[in-house]
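Read the structure below first, then the notes.
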Amino acid sequence: MTSFLKELANEMSVTAAAEVPGAAPAPAKMAVEHLNLFYGDFQGLRDVNLTFPENQVTALIGPSGCGKSTLLKTLNRMNDLVEGCRVEGSVLLDGADAYRTLDATDLRRRVGMVFQQPNPFPMSIYDNVAFGPRSHGVRAKADLDVIVEESLRAAAIWDELKDRLKKNALGLSGGQQQRLCIARALAVQPEVLLLDESTSALDPISTAKIEELIGQLKERYTVIMVTHNMLQALRISDKTAFFLLGEVVEAGDTDTIFSAPIDPRTADYVAGRFG
Amino acid sequence: MLFSLLNVPPASASTAAGSGGAGAPGAGAGLAAAGVPAAARVPKRRPHVLREGAARALFGTAAALSIAAVALICLFLLANGVPAMAEIGLPEFLFGTTWRPAHDLYGIFPMIVGSLYVTAGAMIVGVPGGLLTALYLSRFARGRTGSFLRSGVELLAGIPSVVYGFFGLVIIVPFVRLFGPGTGLSVLAASLILGIMILPTVITVAQSALDAVPARYYEGALALGVDHEHAVFKVVAPAAASGIMAAIVLGLGRAIGETMAVVMVAGNMPIIPDSLLSGVRTMTANIVLEMGYAADLHREALIATGVVLFVFILLITMLLNVIRKRGEAR
Ligand SMILES: Nc1ncnc2c1ncn2[C@@H]1O[C@H](COP(=O)(O)OP(=O)(O)O)[C@@H](O)[C@H]1O
Ligand SMILES: [Mg+2]
């Protein structure tokens, strides 16, 4: 069935980051335009305009409470669950309006999400990964087997788990659970992957594994990640957007944001002077 | 008295509430003591220790009393019931199909079968509806509808069983009579009324298990692009499986121990029922119908019936513990 993940795994071991210098700018996979978001009376996002280029990693940085998670949850409409949450402006996926044109479940299938706290379901490792494809109509055991293996391989955790697929996922370590959640998200073949501080609850070794993984995943997916860790943003992102109090202060190439920011507040933040 | 043993959930809930209530003033007093200025140099620890000691003694006594009550009931049952079983002969007692005290025939097999039939019927009637209601209340009902239904369920739990019995007699029995020969006093009528009676137990226990499922499971499912119903049925409900099993088993306990409503609608002939429309006598009914005038071996045979019922309830409680343990292990 789907061998793209296998190909991907092979490709990745050969070329870690195939960036061609001076190539044409990547087309925007997702974009938000004049986005204002309200939780009741409180305005969580103010006139946010951003583009998320295809096959690149965009990092969202900024102090706690500045609206990074809010933006992420707007991109896959998980904010729909929040009572009193109102969204103005537009969110575009391949140019289609996520709130007016696309169906929420359809959008979420295409825009996968990995949460800050690993949240595997209380079922077997296999069933966790197979959950998405099964829900979307894949029934044959052989097909599911292939998807499970390829997703776990793509999340760099196949070797660790292949002998215990029937074990309950809650028995895994935090780092393993998080990579399992990445595999679970990949198993529905999303186009965009949202990661909300997905390494903040993890030890350095697990973090390093997931960072490496993200660097590889962008070959296939558009990745948008929230991180508190400046070094992490610097290491693995292509683009960075800096948020403050619900506004985008500055956005652009990660190298520029970190080495030659225009706004003094950005300079202070990336230098670790507040936040 | 024996059947009050069945009320495991309310009883344990009330002890929990009791200890919580008693604990709160203690905590308040502790805060007040902490508020005393250090300059007063009051030795803080001693009154605290004393108070703790007193509280411990009080709770200990309460616990000991309730355990003593259980022990006394067991003792009473066994002391009166076991000799009767021995005199009648255990196989004759358990598997004898004739219950005719006037001829000294004490076979309770029809009543054992009757209790099992009626309980099984109650589960078939009450469990699916109860679980679906719990799912609805926990994950679908919003705002007014939800709170209205919730208070309805609470009301259902508070209705005395004799009122259920009356309802059964006036509404359900005539309804059953439409379906065939006989009076309508039947296995079917008893199953229907018991099925309704176990609803509040099944609903509240299952609903609290469902409410306790962490939101992150539900959110994780939605984030994979499945819809609300799918997430609820495939992730939330399985995550609450042990609590849902507990709800079913508690409903089972409630059904097998119920007396008054069953007596009113079951017909109570001590025969093995041959159809859903046949009359039936449960173990509980057997006891309550004849206890008033029974003497000597007859009386003891009724108490021995209580022993058998007690064993069933013990098994159900053990099953419940196994389910809870397994739930905690996950
Ligand atoms: N469900 C909610 N209801 C009301 N306010 C919220 C809700 N979620 C987040 N907020 C508020 O929105 C702001 C941004 O939150 P968030 O996006 O979680 O910040 P970040 O992820 O950048 O730390 C905060 O002030 C927070 O209190
Ligand atoms: Mg956040």
Side-chain angles (χ1 to χ4, degrees), chain A residues 72-73 75-83 102-124 127-137 151 167-171 177-178 180-196, chain B residues 131 134-148 150 205-248 322-330:
Chain A
L72 222 51
K73 286 191 285 175
L75 295 178
N76 68 343
R77 289 183 61 177
M78 286 303 279
N79 266 336
D80 288 10
L81 302 185
V82 179
E83 220 161 302
L102 298 174
D103 176 56
T105 54
D106 216 36
L107 174 74
R108 293 185 193 127
R109 203 194 61 66
R110 294 170 62 191
V111 182
M113 182 169 213
V114 179
F115 296 77
Q116 180 167 5
Q117 294 292 333
N119 63 346
F121 303 134
M123 48 179 84
S124 75
D127 288 340
N128 261 278
V129 183
F131 180 84
R134 269 189 187 132
S135 304
H136 295 113
S151 304
K167 292 266 161 54
N168 195 306
L170 300 189
Q177 288 189 4
Q178 196 62 296
L180 175 63
C181 289
I182 293 177
R184 186 177 71 185
L186 296 182
V188 299
Q189 305 180 12
E191 299 157 30
V192 180
L193 198 58
L194 309 174
L195 302 149
D196 192 350
Chain B
L131 294 185
L135 265 174
Y136 178 74
L137 287 178
S138 174
R139 301 285 159 167
F140 292 90
R142 306 218 166 278
R144 283 229 180 135
T145 330
S147 52
F148 177 75
R150 264 180 279 274
V205 176
Q207 193 200 331
S208 51
L210 288 165
D211 286 348
V213 173
R216 61 178 190 276
Y217 295 152
Y218 173 73
E219 287 168 5
L222 278 204
L224 292 170
V226 308
D227 60 20
H228 177 72
E229 286 76 14
H230 195 91
V232 167
F233 281 96
K234 294 294 167 105
V235 174
V236 176
S242 69
I244 289 173
M245 280 307 294
I248 295 172
V322 170
I323 291 168
R324 290 219 166 115
K325 285 252 169 56
R326 209 184 282 164
E328 279 162 26
R330 301 220 317 201

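Labels below follow one simple rule: chain letters A, B, ... track the order of the sequence lines, proteins then strands, and each chain is numbered from 1.
Closest of all the heavy-atom pairs between B/V226 and A/S135 is CG1-CB, 3.4 Å. The two residues B/G220 and A/F115 make their nearest non-hydrogen contact at CA-CE1, 3.9 Å. Shown here for B/K234 and A/M123, the closest heavy-atom pair between the two residues is O-CE, 3.9 Å.
Taking CG of A/L81 as the reference point, atom CD of B/E219 lies at 6.0 Å (rounded to 0.5 Å). In this structure, A/R108 CZ and B/D227 CG are separated by 10.0 Å, a value rounded to the nearest 0.5 Å.
Of the atoms belonging to A/P190, not a single heavy atom falls under 4.5 Å from chain B. Proximity to chain B (any heavy atom under 4.5 Å) is shown, for A/F121, by both the backbone and the side chain. Both the backbone and the side chain of A/R184 come within less than 4.5 Å of a heavy atom of chain B. Heavy-atom distances place both the backbone and the side chain of B/A221 under 4.5 Å from chain A.
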